[in-house]
Amino acid sequence: MSEGGVLFVDHAGVLGGAELSLLDLSAAFGAGSEVLLLADGPFREALESRGVRVHVEALGALKHVKKETRIPGPAAFADAARIATHVSKRAKSHRVIYANSQKAFVVAAAAGLFARRPVVWHLRDILAPPHFSGTNVRAAITLANLRAARVIANSRATAAAFTGAGGHESLVRVVHNGIDPAPFDAVTIESATAARAALRLPAGAFVVALFGRFHPWKGQQVLLEALARLPRVHALFVGAPLFGEEAFASALQAQAARTGVADRAHFLGFRADVPELMRAADVIVHASVYPEPFGRVIVEGMLAERPVIATRAGGVTEIIDDETGVLVPPNDAAAMAQAIESLAADPSRAANLAARGAARARAGFSVTAMVRGVEEAIRDLI
Ligand code: UDP
């Protein structure tokens, strides 16, 4: 992309799925583009290590813009306007402002107005309760219809929630996330064995692993409940409370102790060695209890050539089906336990699902296709 490219805006300094996607995307857009972060943190370091131009405007959190419950009142718009003034100055040397989250979009919408630049919203959320309050959805849709030149949805499910809530269909382009298979291909038998040995699990343990930030939405509690029904199985919980869900993390520890599975539930915290840990496990579990907008971890589990169990809701069914994995109803610990048991009992079925899943992930979710999709979606704006 030529000089004066895209100003990517993200409110988070931590590494959530949206940020990991933007990492690959912004790296592909080259030096004419730039990432502007509204908070400092490991995301900045990750961008810098990929050679992406990054600037931090840590102007205080958008603390009045909350997605679940609060009504975005005048204080939220005052926060956004103050930050938007700074962002708009930056935006003058770019052709397009691209918002990577709802909070970033609120800021970008105002900055675009001040700087007279088109605004693209990469929508990575299902805009519907229980993810968002009804008021918040209405405010977001109204703002998008007024101020977004394009809405890029990370799945058809995300797009359907947007238009279902009144978002203009003409704005929307669906671009699935792409995941680089290279870090998964780089895992050797030795490094996977070493990762497993470091976990100090009993020899021959059957290991399932759930990757995701700690949030009741992600369903760690359901896997714990399933674990209580599976006396031979060990579970790895990989991830951390990224956005203030510390009480939920403590509740999970308490649940593990109360239900007698604490010695088989391994809480590993946020990890950078996801490919090795996936290969150290026998099965990857995705357990979201609300519709998942996309679910990068599902594609990653497939790229790691592990059988994936996922909950049938939202964008998940655009990634995986009964031929390439195992789908179970959300929030159903009995079904989850049964799916785990059936894979443990039938290694050749598990291996077949893993092989078909890997082929599907490689063919359907490349970084190249994601970058091309975003370029096509915004070409006429540049
Ligand atoms: N992840 C990670 N370390 C962890 C847990 C998760 O790097 O300890 C990564 C995971 O590999 C995936 C992303 O975080 O790429 C989560 O993305 P997903 O779409 O599954 O969920 P989100 O957090 O965006 O809701």
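Throughout, numbering of the chain's residues begins at 1 and tracks the sequence. Counting starts at 1 for both ligands and their atoms, in listed order.
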Which label fits F294 and F365: parallel for a plane angle under 30°, tilted from 30 to 60°, or perpendicular past 60°? perpendicular

What atoms of ligand 1 come within less than 4.0 Å of a heavy atom belonging to G239? 5 (C), 8 (O)

Can you check side chain to side chain contact (heavy atoms under 4.5 Å, CB included) on F211 and L277, steps first, answer last? CA-CA 9 Å; F211 296 76; L277 287 170; 3.9 Å; yes

The answer for which part of R124 has a heavy atom under 4.0 Å from ligand 1 is neither

Does some non-hydrogen atom of F294 fall short of 4.0 Å from ligand 1? no

Considering only protein heavy atoms, which is closest to atom 23 (O) of ligand 1, and at what distance to one decimal place? R213 NE, 3.1 Å

In the protein, which heavy atom is nearest to atom 6 (C) of ligand 1, and how far is it? G212 N, 4.1 Å

F8 and F29: aromatic ring centres closer than 6.0 Å? yes

Let me check something: do V297 and L22 share a hydrophobic cluster, defined by ILVMFWY side-chain heavy atoms less than 4.5 Å apart, either directly or through other members? no

Start with the C-alpha distance between D10 and K103, add both sets of side-chain angles, then the distance that settles salt bridge (Lys or Arg N to Asp or Glu O under 4.0 Å), and finish with yes or no. CA-CA 8 Å; D10 196 306; K103 283 188 175 188; over 6 Å; no

Purely on distance, is any nitrogen or oxygen of W217 under 3.5 Å from one on ligand 1? no

Has Q255 got a side-chain atom pairing as donor or acceptor with Q221's backbone, closer than 3.5 angstrom? yes

If you define the side chain from C-beta out and look only at heavy atoms, does anything of R124 sit under 4.5 Å from N100? yes

For atom 10 (C) of ligand 1, the protein heavy atom that lies nearest, with its residue and separation: E300 OE1, 3.4 Å

If the cut-off is 4.0 Å to any non-hydrogen atom of R271, which atoms of ligand 1 fall inside it? 2 (C), 3 (N), 4 (C), 7 (O), 8 (O)

So which heavy atom in the protein is nearest atom 13 (C) of ligand 1, and how far is it from that ligand atom? L20 CD1, 3.6 Å

Which residue, T158, N177, L127, forms the side chain to side chain contact (heavy atoms under 4.5 Å, CB included) with P293? T158

Using the side chain to side chain contact (heavy atoms under 4.5 Å, CB included) rule, pick out the option among N352, T324, V283 that qualifies with P307. V283

Check ligand 1 against V274 and write out every atom of the ligand that is under 4.0 Å from a heavy-atom position of the residue. 2 (C), 3 (N), 7 (O), 11 (O)

Strictly by modelled atom types, are S288 and H286 linked by a side-chain donor-acceptor pair under 3.5 Å? yes

Tell me the protein heavy atom at minimum distance from atom 18 (P) of ligand 1, and give that distance in Å. R296 N, 3.6 Å

Using distance alone, determine whether V297 and ligand 1 share an N or O pair under 3.5 Å. yes

Between V238 and ligand 1, which residue portion shows a heavy-atom distance shorter than 4.0 Å: side chain, backbone, both, or neither? both

Would you please determine whether K218 falls within less than 4.0 Å of ligand 1 on a heavy-atom basis? yes

If you measure every N/O of L15 against every N/O of ligand 1, is any gap under 3.5 Å? no

Would you mind running through ligand 1 and noting each atom that sits below 4.0 Å from a heavy atom of G17? 13 (C), 16 (C), 17 (O), 22 (P), 23 (O), 24 (O)

